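What follows is a single structure, written as structure tokens, with notes after it.
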Amino acid sequence: MTTSISDFYEGKHVLVFGSTTFPGKVLLEKLLRSCPNIEKIYCPILTTQNKSNLSAHDIFSEIYTTKLFDRVRQNNPKFQEKLLPFDYNLFLTTTTTTTTEQDDNLYETLQNTIDLCFYMANTTSVDFQEQNLKDMIEYNVIHLKTILSFLKTCTKLQSIVYLSSIYANIDCPYIDECIYPCPIQAQKLVDTLDWMDKDMINLATPKLIGPKPNAFSFSHWLAETVLAEEENNLPSISIIRVSIIGAAWKEPYPGWVEKCKGPSELFVAAGRGYLRSMKGDSTDILDIVPVDIPVNLLISTPWQKSLDENARQNLTIFHCTSSGLNPFHWQEMSNYFTEYSKRIPYEHAFRRPNLSVTSHSLIHDSYVFISHLLPAYLADFGLRLIGRKPHIVNIYKKLHQTLLSLESFTIRGEIQCSYDNLNSLRQLVSETNNSTEFYFDIRALHWPTYIESYLIGTKRYILNEDIHCLNGAQKHLNNLRNIRWTFNTIILVLLWRIFISKRPTARNLWYFIINFFVAKFVRFFKILSAGNT
């Protein structure tokens, strides 16, 4: 008899790399809530990356108290006992420096007890504005090689699941469920970058990454190559290639999102009226995937491998995208977002929400000047007059840099890729499990409802605004509308005085146009009145 996914995780010891990332936290919550009999979840953390110098336990002490774990807390108030955070440097110091007895014991415990390993590469928490090839290689390749060396020593390890990015192979016309080997050897590249300074790396990056759009995509391409090279030395390996990860669809809460990066950053900028124009074809596809879909796919993959002996011996790749299964176009997103953001407005809006997507460079540049730069400089001038520090222009500089860095990911057509493995797993889950528990079928996603939930989620969880108190924000939007109408009226009056009232030819033409349309208007009503009679 086939066991359920929840039963499969009973008594399991799981190692989760990337547990403090957005999908990592959602993965922890889902495992604790839907697989309550899981034995232990080990969470290595790079403590050197947090600016406050908090320990691994301190970082998780803050995570435990968030709303994310409210549903888990209701069923198991002591759920944190199943989580064991520790310093990632444990995997480095055991071979390079003297270690404590406690570290040695933990290292040996991991070697003898780990059943499953989830490795979430840097797929969402990337600063695209300052991405550096050396940093990307360190996070996505060097760390991976270190962990793979450790996993080879784990005696009970059954399965490894690696969360990658579909953009690792975005230069391919059609992305199949296979590895596309990188011709550059990872260790040679690491040795080369080690002696190069930042300026040299920036100059060499375009040549090194070749057809890849950026260092982020290239590092994931190289990481997948490393996994393929180690396939025969490790237990079952699965790679999940995901596109842009967005707010939750259903779990842990509709619209759940953390940090203002990626699409969330654009939504906040558009909702507050800063972002008014994006360059791109309005028929292009926004390939965004709710975070709970790849998380459920991550959890389901080792279960499938445990049922199939042949699949257990092979490296399996799953594509987790939306453009090929449930495409969502930028024009649709713009229309829905503008509608919902006026109904559920953000507080402290700079202008009324109104996002347009255009492929015409001249029109876009005009929008940027008229709707971005001109209001920004006028606002900063007004702030200087009242003695406040100007900051609107700086906001737009960062926003334009973000748009440029995300262009490779956001503005493109359908990602052509295979879904054979995904379809097989979906069929297996629907036949043997409760399909509503570990769902990952994005075809059932209703985009207008999701965009509304996303907007509410960014308002509640990122901006910390009360969703039930909209009167103040709505009144502010009405004031912005009145200011715009007043400003436009003043501009029309000035144009009249400058170009029309002082020029007889222009004035006569203006009178002719007015008389023409008035005559047409009167004639229309005469005909309509005669017809009714």
Side-chain angles (χ1 to χ4, degrees), residues 46 49 119-149 162-231 239 241-244 261-262 279-281 284 287 315 317 319 321 361 397-398 400-417:
L46 274 169
Q49 286 188 325
Y119 193 104
M120 268 153 290
N122 226 335
T123 54
T124 55
S125 56
V126 177
D127 187 355
F128 292 107
Q129 294 182 22
E130 297 190 13
Q131 59 176 314
N132 179 278
L133 180 61
K134 186 175 182 179
D135 294 337
M136 293 290 177
I137 296 298
E138 179 182 357
Y139 295 144
N140 292 337
V141 180
I142 298 177
H143 288 180
L144 176 63
K145 289 174 68 68
T146 301
I147 299 308
L148 292 181
S149 298
Y162 179 84
L163 184 64
S164 183
S165 173
I166 194 70
Y167 299 101
N169 303 286
I170 199 63
D171 54 308
C172 301
Y174 183 85
I175 306 174
D176 210 342
E177 293 166 326
C178 65
I179 296 294
Y180 297 88
C182 178
I184 302 176
Q185 294 185 15
Q187 191 57 51
K188 288 185 177 180
L189 178 60
V190 170
D191 295 338
T192 301
L193 295 176
D194 191 49
W195 61 266
M196 298 174 68
D197 59 27
K198 187 175 181 180
D199 292 336
M200 294 178 66
I201 292 175
N202 290 337
L203 290 174
T205 295
K207 182 66 175 178
L208 289 172
I209 67 175
K212 304 300 176 183
N214 45 50
F216 170 84
S217 301
F218 176 80
S219 66
H220 280 289
W221 182 35
L222 190 58
E224 290 188 3
T225 302
V226 170
L227 285 169
E229 292 172 350
E230 298 289 353
E231 178 183 0
I239 297 177
R241 292 171 177 161
V242 67
S243 54
I244 302 171
K261 286 188 177 181
K279 187 177 180 180
D281 196 328
D284 281 342
D287 200 315
L315 187 152
I317 296 175
H319 291 151
T321 67
S361 298
K397 287 181 179 179
K398 293 179 180 179
H400 292 157
Q401 290 175 356
T402 301
L403 289 173
L404 186 62
S405 60
L406 291 177
E407 200 170 89
S408 302
F409 304 92
T410 55
I411 303 296
R412 59 173 58 252
E414 177 186 343
I415 298 177
Q416 299 283 345
C417 60

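Computed from a predicted structure; not experimentally measured. For the single chain, residues carry numbers from 1 onward in sequence order.
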What distance separates [X] [atom1] from [Y] [atom2], expressed to the nearest 0.5 Å?
X	Y	atom1	atom2	answer
Tyr162	Leu148	OH	CG	9.5 Å
Asp171	Ile209	CG	CD1	10.0 Å
Leu144	His220	CG	NE2	10.5 Å

Under 3.5 Å, is there a donor-acceptor pair between the side chain of [X] and the main chain of [Y]?
X	Y	answer
Trp221	Tyr167	no
Thr225	Cys182	yes
Asn169	Cys172	no

Exercise for the section: Identify whether the distance between the nearest side-chain nitrogen and carboxylate oxygen of Arg241 and Glu224 falls below 4.0 Å. Expected result: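 Yes.
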Exercise for the section: State which residue, out of Leu189, Thr192, Ile201, fulfils the side chain to side chain contact (heavy atoms under 4.5 Å, CB included) condition with Lys134. Expected result: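 Answer to the side chain to side chain contact (heavy atoms under 4.5 Å, CB included) test with Lys134 among Leu189, Thr192, Ile201: Ile201.
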Does [X] reach the side chain of [Y], with side-chain heavy atoms less than 4.5 Å apart?
X	Y	result
Asp176	Ile317	no
Pro213	Phe218	no
Tyr174	Cys417	no
Val190	Glu138	no
Ser164	Val242	no
Ile137	Leu133	yes

Handout entry: Gln187, CD: over 12 other non-hydrogen atoms inside 6.0 angstrom
Key =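 Yes, CD of Gln187 has more than 12 neighbouring heavy atoms, counting only those of other groups under 6.0 Å.
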Exercise for the section: Check whether the side chains of Asn202 and Thr205 place a donor and an acceptor atom closer than 3.5 Å, and report yes or no. Expected result: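 Thr205 and Asn202 do not have a side-chain donor-acceptor pair below 3.5 Å.
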Practice task
Write down the atom of Asp287, the atom of Ser243, and the distance for their closest heavy-atom approach.
Solution key: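 That closest heavy-atom pairing would be OD1-OG, 2.7 Å.
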